[in-house]
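For reference, the structure is listed below as structure tokens.
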There are 2 protein chains.
Amino acid sequence: MDAHLRDLRYFVAIAEELNFTRAAERLFVSQPALSKQIRQLEEGLRARLFDRDRRAVALTAAGQALLPRASELIRSWDEAQRAVSDAAAAEAAVLTVGLSTSIGRGLLHGVRERFAERRPGWQVQYRQINWDDATAGLAEGRVDVALVWLPVPGQEAFRTRTVATEARWVAMREDHRLVWRDEIAFDELHDEPFLALPPSAGPLRDHWLAVEQRAGRAPRIGAVVRNAEETFAAVEEGSGIVLLAAGNAEIYRRPGIIARPVTGLPPTELAVAWRPDDHRVVLRDFVEAWAPDSDSQRLSQRVLDAEQ
Amino acid sequence: MDAHLRDLRYFVAIAEELNFTRAAERLFVSQPALSKQIRQLEEGLRARLFDRDRRAVALTAAGQALLPRASELIRSWDEAQRAVSDAAAAEAAVLTVGLSTSIGRGLLHGVRERFAERRPGWQVQYRQINWDDATAGLAEGRVDVALVWLPVPGQEAFRTRTVATEARWVAMREDHRLVWRDEIAFDELHDEPFLALPPSAGPLRDHWLAVEQRAGRAPRIGAVVRNAEETFAAVEEGSGIVLLAAGNAEIYRRPGIIARPVTGLPPTELAVAWRPDDHRVVLRDFVEAWAPDSDSQRLSQRVLDAEQ
DNA sequence: CCGCCGTGATAGCCAGGGGTTATGGACGCC
DNA sequence: GGCGTCCATAACCCCTGGCTATCACGGCGG
């Protein structure tokens, strides 16, 4: 009897939660679906995996035997998937780059040139990823490398190299009470409704809400936005204001929306990120194309210079 | 995207055959089913796994990356299944024993006693397995240990210990031309129609047809039989004659059927068999219960004595 | 003691996945 | 040029895997 790897994921989730309902939520399926699948898995294996005696769910001996093996199978399968897409990418000579922001800043041209120099024949495919995944597709293996704002969730799970350090600005509708200022102290914004990234973005959501600079007072959330289009639509519509990187204030300039520098906030960092277990040379070449001398400070300075 | 482990088996089979049609036969599915599944696997992985250019099938780079990992996943899954059923068996304190023959011979009583002595609280569950699987369920992991006639197919894949060595007899209908003989030379039986085990029994089928004693002349097959019931029904009905172990001549005695010793044939061996990677103590205890002093010769002798 | 809440199981329904047979189309071979 | 081999496609069918609604049971609070 062969199982679906999905069923093993179900099993592991329940084994971790020891609660069918919560596991179902985590897996985005209904609780009866989980019960049914586990029952079928148990029938296929001819062994009960969980003792459910009305009040508590517990692993049986068989379940305990399966758990580490199932986790390992899932891990191996995920790794196999990555190996396959890496091989396919290598054959097609395409590197897929996840973006969670517009880049601009004059960076892309230089990157393209330096990368082409090292890897003639290779193409770079940029893919825009919504902000529910703050790793821009890296976590799910949808991209080979990503350009993200720090902090990236689960940062220790990835390697990053900063390619730009920028002050944070605020974007607001042109009829906002503060538009006449040349720059705005963050303290004045505490009670404004902010646009927020989806909760799944974790620490990055907090970063763009400047939670650490609020001294424990919770931010007001005007709307949840998942990409730049949604963001500026929400600003235009008056749902709230939003922090953004200085460089993006220029890129996303549009009629009816004003951006101003914010004081009292540490700067934000744009970084290139990759998986630590991905040792492909082409990947290193791409990363090097962003910061050829490994000196991200100097690079960032150049970026800032260019903006003035 | 999660795959079904079955699909990985499909993939591996095709990768080995490099031929969809032959792989489909080997897997007992239709060729279109295989094509469809592989296409879906390829879609799920967003990578072609095979180049099929009309005349030949070959692995792509992505396929080459997947092959060893898929094999390993399958192996791990099979191992996990065994671990689960071992754990379930240990919890229930049940050892499942596959039989491909009746045992009798006064052996079971002693085995039961010696095993119960070492493992109080454990139960032994005997399961009759048809002869298509000459390993009596061991190969498919349906049993923990098996009692089989040697040679067991893929013998190097299992550990065996002989528990009885017996001469071979022949069973025939009472109106057979040779029933008046006290014993029969095998040479006289060359042209008789024989009952045969299913082809999947491999070398064991040949053993009970005494192929090696026929000097290259193919046996006549009267019928294919898959268990003792079918065998004696076929003998009674006149489909042919059949070789059997001396001990079984007694056990399976029934009206209308006569058994006689056959000369000119090497004896046959009954053995207890188990998987070499199964190191459970309870298993060793069970094996020891068959041949407590590791001296299978003495045990066999005792069996033969008991028959006289 | 009663009713509510949380939890898992069950029932009934529906879409689609995985199988089948029949057939098509490209290529190599005689 | 006809035939055989081999993979793909089409049409169909059943069962699986998902859903919603509901039940059964135990704990708990009023």
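What you are looking at is a predicted structure, and each value in this text was computed from that prediction instead of being measured. Side chains included, hydrogens not; waters and symmetry mates left out as well; all remaining heavy atoms used. Chain letters run A, B, ... following the sequence lines, proteins first and then strands; every chain starts at 1.
Because its NZ or CZ atom is not both nearer than 6.0 Å to the ring centre of A:Phe11 and within 45° of the ring axis, A:Arg39 does not count as a cation-pi partner of that residue. Cation-pi check for B:Arg214 over B:Phe194 is met; the charged atom lies under 6.0 angstrom from the ring centroid and within 45 degrees of its normal.
Residue B:Arg48 contributes atom CZ, which lies 11 Å from atom C1' of D:dC7 at whole-angstrom precision. One interatomic measurement links the two molecules: CD of A:Glu43 to P of D:dT16, which rounds to 10 Å at whole-angstrom precision. We find that CZ of B:Phe11 is positioned 20 Å from C1' of C:dG18, with the value rounded to whole Å. One interatomic measurement links the two molecules: CG of B:Asp7 to C1' of C:dG19, which rounds to 12 Å at whole-angstrom precision. To the nearest angstrom, C1' of C:dA9 lies 16 Å from CG of A:Asp51. Atom CG in A:Asp2 sits about 13 Å away from atom P in C:dG18, given to the nearest Å. For the pair A:Arg39 CZ and D:dG17 P, the interatomic distance rounds to 11 Å; values are reported in whole Å.
Of the charged side-chain nitrogens involved, at least one lies within less than 4.0 Å of a carboxylate oxygen, so that B:Arg52 and B:Glu42 count as a salt-bridged pair. With salt bridges taken as basic N to acidic carboxylate O contacts below 4.0 Å, one links B:Asp144 and B:Arg280.
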- Message: Using the rule given for side-chain hydrogen bond (donor to acceptor under 3.5 Å, both in side chains), can you reason through B:Gln31 versus B:Ser35, listing the C-alpha separation, both sets of side-chain angles and the distance that settles it, and then say yes or no?
- Response: CA-CA 6 Å; B:Gln31 168 264 315; B:Ser35 292; 3.1 Å; yes
- Tell me, with the steps shown, if B:Arg9 and B:His4 meet side chain to side chain contact (heavy atoms under 4.5 Å, CB included). CA-CA 9 Å; B:Arg9 272 189 223 279; B:His4 200 114; over 6 Å; no
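Interface residues of residues 13-28 of chain B facing DNA chain C, ordered by number: none; criterion, heavy-atom separation under 4.0 Å. For residues 29-38 of chain B, proximity to DNA chain C is found at B:Val29, B:Ser30, B:Pro32, B:Ala33, B:Lys36, B:Gln37, defined as any non-hydrogen atom under 4.0 angstrom from a strand atom.
The shortest distance between the side-chain N/O atoms of A:Gln40 and the OP1/OP2 oxygens of D:dT16 is not below 4.0 Å. Taking 4.0 angstrom as the limit, A:Arg6 places none of its side-chain polar atoms (N or O) nearer than this to OP1 or OP2 of D:dT16. Dashed line: the shortest gap from a side-chain N or O of A:Arg52 to OP1 or OP2 of C:dA9 is under 4.0 Å.
Residues passing the side chain to side chain donor-acceptor pair (under 3.5 Å) test with A:Arg22, sequence neighbours excluded: A:Glu17.
Counting non-hydrogen atoms under 4.0 angstrom, A:Phe50 reaches nothing in the nucleic acid.
Shown here for B:Ile129 and B:Gly98, the closest heavy-atom pair between the two residues is CG1-CA, 4.3 Å.
Remark: the backbone N or O of A:Leu138 is paired with a side-chain donor or acceptor of A:Arg275 at under 3.5 angstrom.
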